[in-house]
Number of protein chains: 2
Amino acid sequence: MSATKYVSDFPIFSVTADLVVLTIRDDRLCVLLVKRGGAPFKGGMALPGGFVQASEDIERAAYRELEEEAGLKPEDVVLEQLRTYGAADRDPRGRVVTVAWVVLTADAPEPTAGSDAADAMWLPVDEVLGGSPVSLAFDHAQILADGIERARSKLEYTGLAAAFCPPEFTVAELRRVYEIVWGVDTLDPGNFHRKVMAIEGFLRETGNMKKEARGRPSRTYVAESGVPLHPPMRRDRR
Amino acid sequence: MSATKYVSDFPIFSVTADLVVLTIRDDRLCVLLVKRGGAPFKGGMALPGGFVQASEDIERAAYRELEEEAGLKPEDVVLEQLRTYGAADRDPRGRVVTVAWVVLTADAPEPTAGSDAADAMWLPVDEVLGGSPVSLAFDHAQILADGIERARSKLEYTGLAAAFCPPEFTVAELRRVYEIVWGVDTLDPGNFHRKVMAIEGFLRETGNMKKEARGRPSRTYVAESGVPLHPPMRRDRR
DNA sequence: GCAAAAGTGTTGAGAGTACACCCATGT
DNA sequence: ACATGGGTGTACTCTCAACACTTTTGC
């Protein structure tokens, strides 16, 4: 850190932007974690993130950290604010509040490639939060859990699932996203196809086809907008 | 202000908690606004709120401001975090980020009663944001709009509507809440009654009755929990 | 009795599910 | 030919909205 001192008439806070970066790799929902290089929690795992600079919009800081720590550019992702965590004792360094963001991406470059945090890695979320959970620094386990729940519920009533797909994708690829994120066995392919095609303004046909290893080639689509889905894709919660 | 100076190694932020306090008065959705007593925007209207103290949880600060500026106690309200606004230039005093909260309440005491801000008042939201909108300080117009939208959508899939009702209420009172907040003409009383009674774990009958000016007396209920509604109460968005 | 509001019954339209079936490709 | 996944058709179920109707009060 620099020797510069900052002075204020008001109680002093520092603000960080922390990121819950989610993607799908090998048919599993994965989150980007970094190994901390300094105190506190040195060597422990944490969400990527960092301090917001003095004259930087918080959202801009989130995009900057995303590029620095994950090598992801704004046009590769969907980013939205999750919530702010501000318990007085959440950071041993002092009074730090963090604004957390959920980031969805289809691009999943191995994060070691030329980034600040060479110790970044993708881990399946069910391993991080599951039976023998990975211990995360600060309150990051809570932030991660909140971020995953946000992503799950957003799939229901927005077209956000497309953010996990490449720019041009098939209905089956979109269906896999729903199955993986919701953790359900199999959505009926026929019904899913019809349902998703019935939603106005969600998918636009490209005219291209994509051949898989087996079976009939499928049409490809691009997501049209971020508008709410009508009707929504509801998950069963009996 | 005190003469105390605060010093830090990190970029300095101040953090405020701002409140979108909503209630229903005279069959209209109303928001609590205060007249600012100091610069900037002195004399202008703003959302109630204030600085978070140095060792105070942000949520606790929200409850404190709620009591100081509106005379409302935690048990009288439902409070939930809305989002954080952190544009670098949003406050002319310096780098201030605000964590905004949505507060729903049935109690609507006239706010002048013994509070810090004797200049607080309830205003109908459609007058504040409508045709000739009231000008609000900072980015508070945006915050208010976001808060109202949050309240509207929360009515669909949570039992939050009950927060606008007294502790013991009738199905008709609950129905008025939906009509007023969503701005719809009339929900069918019969269908609404059946729908709301079909939701597990939402309403518990008290055994009491309430007589209105006219018509058959109705049973009264208390809201049972904050659990999600299944099935949800969906609003039409044709 | 009449008006008004609570609450119930009935019915018809539409949405969702299960599943049969056809289509287009690789092997 | 046959296996595989894309995509469509069909019929049954369930939900929901419209609205008729009964109940219980005040006037």
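Note on naming: letters A, B, ... go to the chains in the order of the sequence lines (proteins, then strands), and numbering restarts at 1 for each one. Quick caveat: nothing in here was measured; it's all calculated off a predicted structure.
A:Lys35 has no carboxylate O lying under 4.0 Å from a charged side-chain N of A:Glu69, or vice versa, which leaves the two without a salt bridge. A salt bridge is absent between B:Arg176 and B:Asp27: the closest approach of a Lys/Arg side-chain nitrogen to an acidic carboxylate oxygen does not fall below 4.0 angstrom.
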All N/O pairs under 3.5 Å across the protein-nucleotides 24-27 of chain D interface:
{"from": "D:dT24", "atom 1": "O2", "to": "B:Arg216", "atom 2": "N", "distance (Å)": "3.3"}

If you restrict it to nitrogen or oxygen atoms, what contacts under 3.5 Å exist between nucleotides 12-16 of chain D and the protein, and what is each distance?
none

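When B:Asp18, B:Asp139, B:Asp146 are each tested for a side-chain hydrogen bond (donor to acceptor under 3.5 Å, both in side chains) with B:Tyr85, only one passes: B:Asp146.
Scanning DNA chain C 5' to 3' for nucleotides with an atom closer than 4.0 angstrom to a non-hydrogen atom of chain B gives a first and last hit of C:dA4 to C:dT10.
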Can I get a per-line list of side-chain donor-acceptor pairs under 3.5 Å for residues 203-210 of chain B, giving both atom names and the distance, sequence neighbours left out?
{"from": "B:Thr206", "atom 1": "OG1", "to": "B:Asn208", "atom 2": "N", "distance (Å)": "3.0"}
{"from": "B:Thr206", "atom 1": "OG1", "to": "B:Thr220", "atom 2": "O", "distance (Å)": "3.1"}
{"from": "B:Thr206", "atom 1": "OG1", "to": "B:Thr220", "atom 2": "OG1", "distance (Å)": "2.4"}
{"from": "B:Asn208", "atom 1": "ND2", "to": "B:Glu168", "atom 2": "OE2", "distance (Å)": "2.8"}
{"from": "B:Lys210", "atom 1": "NZ", "to": "B:Glu173", "atom 2": "OE2", "distance (Å)": "2.5"}

Side-chain atoms of residues 179-186 of chain B: list all donor-acceptor pairs with protein atoms under 3.5 Å, sequence neighbours left out, distances to 0.1 Å.
{"from": "B:Glu179", "atom 1": "OE2", "to": "B:Leu187", "atom 2": "N", "distance (Å)": "3.0"}
{"from": "B:Trp182", "atom 1": "NE1", "to": "B:Arg152", "atom 2": "O", "distance (Å)": "3.0"}

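Here B:Arg219 lies in heavy-atom contact (under 4.0 Å) with sugar-phosphate atoms only.
Remark: A:Val78 pairs with A:Leu160, A:Ala163 by the side chain to side chain contact (heavy atoms under 4.5 Å, CB included) rule, at least two apart or across chains. For B:Pro167, the side chain to side chain contact (heavy atoms under 4.5 Å, CB included) criterion is met by no residue, not counting sequence neighbours. Judged as a side chain to side chain contact (heavy atoms under 4.5 Å, CB included), and not counting sequence neighbours, the contacts of A:Asp57 are A:Arg60, B:Ala87, B:Ala88. For B:Lys154, the salt bridge (charged side-chain N to carboxylate O under 4.0 Å, His left out) partners at least two apart in sequence or on another chain are B:Glu80. Annotation: ring-ring contact (aromatic ring centres under 6.0 Å, His included) contacts of B:Phe138 (sequence neighbours excluded): B:Phe41, B:His140. Qualifying salt bridge (charged side-chain N to carboxylate O under 4.0 Å, His left out) partners for A:Arg214, counting only residues two or more places apart in sequence or in other chains: none.
Of the residues in residues 160-191 of chain B, B:Asp188, B:Asn191 come within less than 4.0 Å of DNA chain D through at least one heavy atom, sorted by number.
Counting non-hydrogen atoms of other residues, nucleotides and ligands closer than 6.0 Å to CD of A:Glu75 gives a total above 12.
Separating the SG atom in B:Cys30 from the CD atom in B:Glu127 is a distance of 8.0 Å, to the nearest 0.5 Å.
Across the protein-nucleic acid pair, B:His193 atom NE2 and D:dT22 atom C1' stand 14 Å apart, rounded to whole Å.
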